[in-house]
Amino acid sequence: MKGLVLNALLGVGLGRFGSVWGLPVFLPVVAAELAYGFHLHHLSAGGSLRRGAALLVCGQLGFLLGALLRPLPGER
């Protein structure tokens, strides 16, 4: 749950203030969360893949939400 919230907040911040080139920032967060789940909760390979896919999708949806929150070019 912490990984989903972290990815969503990171995605919103990156979408609002960054660019699409910052999306590889999600990969270390997802890798750390998968390693944590694998070692602590003994997730299987399939469970780890599902969790990783959910984390990446959550981050990307957060990025899209952040991009929608950007001001329009004429608006300031």
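All heavy atoms count here, side chains included; hydrogens, waters and symmetry mates do not. All values reported here derive from a predicted model rather than from experimental measurement.
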Exercise. Quick check: does any side chain N or O of R51 sit under 3.5 Å from a backbone N or O of L34, one acting as donor and the other as acceptor?
Worked result: no
Exercise. Below 4.5 Å, heavy atoms only, C-beta onward: do S48 and E33 meet side chain to side chain?
Worked result: no
Exercise. Would you say L27 and L10 are hydrophobically clustered, going by side-chain heavy atoms of ILVMFWY under 4.5 Å?
Worked result: yes
Exercise. Closest heavy-atom contact between P24 and P28?
Worked result: O-CD, 3.3 Å
Problem set entry | L14-L56 co-clustered via ILVMFWY side chain contacts under 4.5 Å | yes
Problem set entry | Rounded distance [0.5 Å steps], CG in L6 versus CZ in F26 | 9.0 Å
Exercise. Do L9 and V12 belong together in a cluster built from hydrophobic side chains that touch within less than 4.5 Å?
Worked result: no
Problem set entry | Path from W21 to V25 over hydrophobic side-chain contacts below 4.5 Å | yes
Exercise. With the 4.5 Å side-chain cut-off for hydrophobic clustering, are V57 and L65 part of the same group?
Worked result: no
For this session: Nearest 0.5 Å please: distance from the CG atom of L64 over to the CG atom of L69.
Result: 11.0 Å
Exercise. Passes side-chain contact (heavy atoms from CB on, under 4.5 Å), V29 versus N7? Steps please.
Worked result: CA-CA 8 Å; V29 174; N7 267 8; 3.1 Å; yes
